[in-house]
Amino acid sequence: MLQEGAHGKWTVSSSDESTEENSDSEKPSTSALLSAAQGKASGPQYPCSEARKAAHKRKASPVKFSDKSLAPETPPAEKQRATQEGSGWCLSSSDEEPEDREKSAPKKRLKEEKCDVPEELPPNRIKDEHSGNHKAEDYNEAPSEAQDTWDLLNGGNPFRFFLTKVTGIEQSYNSGALHIKDILSPLFGTLVSSAQFNYCIDVEWLVRQYPQEFRKKPLLIVHGEKRESKAELLAQARPFDNISFCQAKLDIAFGTHHTKMMLLLYEEGLRVVIHTSNLIADDWHQKTQGIWLSPLYPRLPQGKAGSAGESETNFKSDLISYLMAYNAPALKEWVDVIQEHDLSETRNRYSSCLCYRSAWWCMTAMQDSNSYIPGNLLFFILVYLLGSTPGRYQGIDKEKWGHLRLRKLLKEHASSVPAQESWPVVGQFSSIGSMGADESKWLCSEFQESLVAAGSRATTLLKCDVPVHLVYPTVNNVRQSLEGYPAGGSLPYSIQTAQKQLWLHTYFHKWSAEVSGRSHAMPHIKTYMRPSPDFKKIAWFLVTSANLSKAAWGALEKNGTQLMIRSYELGVLFLPSAFINHGFGIFLTLMPLIHMETCGFHREHYRCSVMFHLLTLSLLR
């Protein structure tokens, strides 16, 4: 549905964040299982949001183009509607608009559409459509790629932060990226059992991502589905005797189980993977997604379980606390597994110079103004776990989860940056929740206060002192993407919410990712950071499942004495202080991670180009 207001034109649809209010612990009926097993031909065969269902319909019957349309001299097609012109913000799936157009347009119009090529289609998308396009299911790793993955895992990325591979972009941009089949590869270890935490799950597809020799290993799926959706999920797994389920309790209305994590137990040890992709083919095909891959944690010597093997960031105890919050017997078994392993190596060793994409980028660190760490010394990179779990928290429990957890970590471990009021906060996400009638209700009050926290001695800034940049795709971003309009199914923002917070548009910035070749791969990744005014330094960086919503991050209640969170979320926070002896510092980059350019949209806005490779850095005190 198209809307027009003082801030321009946009499209909206239903939100991923709205779920049923009451939790359901009942087992599905036999009839429900049978109905779910049969599925519906018109939609995906796995539980998902209404926005994704609409996108699936569009993808199942896309607009076709004739061979003649590929000729370079063919004039661009006339836009179907004047309302599509400009650069309105894509607040959600654009599927409603083309679907409505299909219903109301005459057959002659449909015939004309088959002959026209939209002006802004990226060359790689035109090429894909001409060749029949790549199916999201298709991913076959060549032996050379397998070796590249092994080399990458063993020293090519000291942060252990990766993007997912994208079909349809230049292959060079997939260097250093991972597919789910890479993560589950035997190269990473001999799998004993695994647990998959996620929001949207296609069980049959997930099983096919495991190597043949691992497909019958025990697999626990942690989900938040209820009633019919739960029945559909269980029905998918009926052919697989090795799969069991754990339903996350969602007792607060509109909460979701949005965490995306893998626990992989090998004969050689344990690995934790925290990422942003749903367990469906489309999320690993042509979207921009992020992954944090832990080192292989070895098993502790017999008799040394429990608190032993903790990292300096308390990653082990925080992970256990997160799993215990589910209050589920199936996860207690995984808690025992974690306690038996040494997670002190959540700090990743790497040498001070490393080769990445054919360029040598040397890293140095200054412990004081006169001394450098020798070039052959190994550094340690640590991450902090940052999660959300549903509930209402008071006292010291308030700082265990959500944005207050981020505030606590930044106060205790982040540096106080010079002229901090000029260091903006950048947030990038794929869904937007309700934040109130104006920015003072949540975004630029309690949430911003958490994002700008920096050191225990930092001065408290007024809400208006620090710039806030929010990166979210526009309608044109979606239309020109590799997926076309169906990409909007992963960018939900309800019309009811959008109409109540038009003020939010003044903070929006377009999606662009030229450095990583992903400007046409719509983002499902969620990242937050605090860059310097010239975007050459970063105080901290977070990759998480949490979108821009109070449901994900929490909202204060009872005059600030209570934090209420609706959803499960999980991410990892990169802080310079975690690198060297708890020192304080900032990341320095050889090129700006974010490049701002002006573009017209009623007033000056910016296009934000985010580079997700954080390899080029120094650590300054």
Side-chain angles (χ1 to χ4, degrees), residues 383-384 386-388 398-429 432-433 435-436 438-472 503-504 506-509 526-544 546-550 552-556 560 563 565 569 571-578 583-589 592-594 596 606 608 610 614 620-621:
V383 295
Y384 293 87
L386 180 60
S388 293
K398 278 199 313 178
E399 296 182 329
K400 289 181 64 176
W401 313 109
H403 74 80
L404 291 188
R405 162 72 172 169
L406 176 61
R407 185 184 301 184
K408 182 175 187 289
L409 290 174
L410 294 180
K411 281 185 176 180
E412 293 179 353
H413 305 289
S415 291
S416 202
V417 297
Q420 59 174 321
E421 67 278 357
S422 64
W423 286 55
V425 170
V426 177
Q428 174 273 310
F429 37 82
I432 303 171
M435 285 171 281
D438 58 65
E439 58 265 37
S440 67
K441 296 297 186 290
W442 184 78
L443 178 66
C444 293
S445 55
E446 60 180 272
F447 188 56
Q448 185 177 1
E449 185 178 345
S450 293
L451 295 176
V452 301
S456 57
R457 292 173 293 180
T459 57
T460 303
L461 299 175
L462 297 176
K463 66 178 182 181
C464 57
D465 286 341
V466 178
V468 175
H469 304 311
L470 303 179
V471 181
Y472 195 69
W503 55 265
L504 188 61
T506 61
Y507 295 92
F508 282 159
H509 303 265
K526 294 87 177 164
T527 54
Y528 301 82
M529 66 183 79
R530 186 87 187 274
S532 61
D534 60 3
F535 299 99
K536 293 182 179 179
K537 305 171 187 175
I538 292 183
W540 54 266
F541 175 81
L542 170 69
V543 57
T544 176
N547 281 302
L548 187 67
S549 73
K550 293 188 286 186
W553 286 99
L556 291 172
L563 181 70
I565 300 176
E569 308 283 357
V572 290
L573 174 66
F574 296 87
L575 279 169
S577 61
F584 289 89
I586 52 178
F587 297 130
L588 297 183
T589 64
L593 295 182
I594 301 177
M596 290 282 195
Y606 299 91
C608 189
V610 181
L614 300 177
L620 290 182
R621 187 172 181 178

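Taken to the nearest 0.5 Å, the NZ atom of K550 stands 11.5 Å off from the CG atom of L563. Note that CD1 of I565 is 7.5 Å distant from CG of L404, once rounded to the nearest 0.5 Å. Between E399 atom CD and R407 atom CZ the span is 8.5 Å, to the nearest 0.5 Å. The CD atom of E449 lies 9.0 Å from the NE2 atom of H403; values are rounded to the nearest 0.5 Å. In this structure, CG in L573 is found 10.0 Å from OG1 in T544, a value given to the nearest 0.5 Å. A distance of 10.0 Å separates CD in E569 from CG in L386, rounded to the nearest 0.5 Å.
Side chain to side chain, S440 and D438 meet the donor-acceptor criterion of an N or O pair below 3.5 Å.
Between H469 and F535, the two ring planes are tilted [angle within 30° to 60°]. Below 30°, between 30° and 60°, or above 60°: for F541 and F574 the angle between ring planes is between 30° and 60°, a tilted geometry.
Checking side-chain atoms of S388 against main-chain N and O of A552 turns up a donor-acceptor pair under 3.5 Å. A distance-only check finds a donor-acceptor pair linking the side chain of R530 to the backbone of W423 [under 3.5 Å]. Y472 places no side-chain N or O within 3.5 Å of a backbone atom of I432 that could act as its donor or acceptor partner. Of the possible donor and acceptor atoms, none in the side chain of K398 sits under 3.5 Å from a partner among the backbone N and O of L556. Of the possible polar contacts, one joining the Q448 side chain to the V466 backbone as a donor-acceptor pair under 3.5 Å is found.
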Decide yes or no on side chain to side chain donor-acceptor pair (under 3.5 Å) for D534 and S532, but give the supporting numbers first.
-> CA-CA 5 Å; D534 60 3; S532 61; 2.5 Å; yes
Report the C-alpha separation of W503 and C444 in whole Å, then their side-chain angles, then the decisive distance to 0.1 Å, and conclude whether the side chain to side chain contact (heavy atoms under 4.5 Å, CB included) test is met.
-> CA-CA 12 Å; W503 55 265; C444 293; 5.9 Å; no
In sequence, state the C-alpha distance, the side-chain angles, and the governing distance for L410 and L575, and then conclude on side chain to side chain contact (heavy atoms under 4.5 Å, CB included).
-> CA-CA 8 Å; L410 294 180; L575 279 169; 3.9 Å; yes
Intermediate values then yes/no, side chain to side chain contact (heavy atoms under 4.5 Å, CB included), V468 and F447 = CA-CA 11 Å; V468 175; F447 188 56; over 6 Å; no
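Looking at every heavy atom in both residues, G554 comes nearest to E446 through O-OE1, 3.8 Å.
Outside the 6.0 Å centre-distance limit, the rings of W540 and Y384 are not counted as a close aromatic pair.
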